[in-house]
Amino acid sequence: MRILVTGAAGFIGSHVADLLSADGHEVVAVDALVPEAHGPTPPPWARHDLVVGDVRDGELLTRLLTGVDAVCHQAAMVGHGVDPADAPRYAAHNDLGTATLLAAMHATGVRRLVLASSMVVYGEGRYHCPAHGVVRPVGRRAADLAEGRYDPTCPRCAETLSPGLVPEDAPLEPHSTYAATKLAQEHLAGAWARQTGGSVWALRYHNVYGPRMPRDTPYAGVASIFRSALAAGQPPRVLEDGRQRRDFVHVTDVAAANVLALSTPAPDPLVPVNVCSGEPHTVGELAHELASAMGGPTPVTVGGGRAADVRHVVADPARATRLLGFTARVGFAAGISDFTTAVMREPAALTTPSTVGG
């Protein structure tokens, strides 16, 4: 197939483009190479005859989409939004960019899209109360966090809740500007699919880590932040009590999920799928595993926390296995060991929101 990959020079997009090419597909690669994301020079992995361009440029997209069979849309501004003033940039890159892409796909008759979504659309994960079953938890309060009460409670009886696996049909409640724009991308893509007869796989990535991950920015993932601290001889600083649960999935597995989605017909106009390892770990475990693998100082649990942060998000991998035949291959220990020496994206030249691609 001939596939347009947006954000093809970014962390995840570059791995997707490489795997597609290795599998014999023709890649049309586009990336804005925004200086805030990529620093003063393009990254060394920016290959595949990269076209430097913005996904908000409809004329450019219309040219690039000629003869294309499917689109893999990775371009987005990432991070949780350090300042509410970032909101216009998030909306412009993520939502206007996606809308422009969808309009160009309609104009050129391209009907297959794989969209990079995120687990952040869920907000908090799924929780169970012994007395009331599955419930949405009470929002976490700054006062509770300050006193070390981190776990959500039942809205009916105030008992501490137990975290469970989050399925794709869980309620959606984005807690950040970034999360709100990712959910809007899903809605825009779903509307396009229903209007055009197209199809969309919305891949909800969980905590992705691995080679080419950005480092040393406020918008980097926690694995990158911990690795940078250890490389500087400093202990990783773990917020809360370190017991917050996440699903850390290696970037090569995420790329494989994208390739499967591009080659598998979607059963409905828009199908959201968790892309995860199916092997949840705590943030504290991540810090200790990295420290051990790098021979660095023992992590320090510092307490605190932010009310907008979620406590636990643990993915249910069943739909990805059933519909895409996807099962992550990289185990936690092996992935973290590899990550300790993996090439990283150099710090951006500017300290504004990090972007991957467009």
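All values below come from the heavy atoms of this structure, side chains included, with hydrogens, waters and symmetry mates left out.
Counting only N and O atoms by type, the side chains of T98 and H73 include a donor and acceptor under 3.5 Å apart. R212 and S14 are linked by a side-chain donor-acceptor pair at a separation below 3.5 angstrom, with hydrogens and angles left out of the test.
Using a cut-off of 4.0 Å between Lys/Arg side-chain N and Asp/Glu carboxylate O, D241 and R311 are scored as salt-bridged. A salt bridge is absent between E240 and R149: the closest approach of a Lys/Arg side-chain nitrogen to an acidic carboxylate oxygen does not fall below 4.0 angstrom. By the 4.0 Å N-to-carboxylate-O rule, R63 lies too far from D57 to be salt-bridged with it. D86 and R89 are not joined by a salt bridge, as no carboxylate oxygen comes within less than 4.0 angstrom of a charged side-chain nitrogen.
To the nearest 0.5 angstrom, R140 atom CZ is 6.5 Å from D309 atom CG. If you take OG1 on T160 and CG on D151, they are separated by 6.0 Å, rounding to the nearest 0.5 Å.
Counting heavy atoms from C-beta outward, T301 and L239 have side chains that stay 4.5 Å or more apart. Taking 4.5 Å as the limit, every side-chain heavy atom of R112 sits out of range of all side-chain heavy atoms of V71. Under the 4.5 Å side-chain criterion, counting only non-hydrogen atoms from C-beta, R136 is in contact with P171. Annotation: side chain of L61 is in contact with side chain of T100 (closest heavy-atom distance under 4.5 Å). No side-chain heavy atom of D247 sits under 4.5 Å from any side-chain heavy atom of E279.
Residue V249 is not grouped with residue L165 when hydrophobic side chains (ILVMFWY) are merged at heavy-atom distances under 4.5 angstrom, including chains of intermediate members. Put simply, V314 and V273 are part of two different groups of oily side chains (I, L, V, M, F, W, Y) that touch within less than 4.5 Å, one to the next. L102 and L96 sit in two unconnected hydrophobic clusters of ILVMFWY residues. Membership requires side-chain heavy atoms under 4.5 Å apart, directly or through other members. W45 and V251 fall into different hydrophobic clusters, where Ile, Leu, Val, Met, Phe, Trp and Tyr are joined by side-chain heavy atoms under 4.5 Å apart, directly or via other members.
Of all heavy-atom pairs between V138 and P155, the closest is CG2-CA, 3.4 Å. Nearest heavy atoms, R319 versus P272: NH1-O, 2.8 Å.
Both the sub-6.0 Å distance and the 45° axial angle are not jointly satisfied by R243 relative to the ring of Y150.
Here the two rings, on H250 and Y209, have centers that are under 6.0 Å apart.
In this structure E59 satisfies the side chain to side chain donor-acceptor pair (under 3.5 Å) test with no other residue, sequence neighbours excluded.
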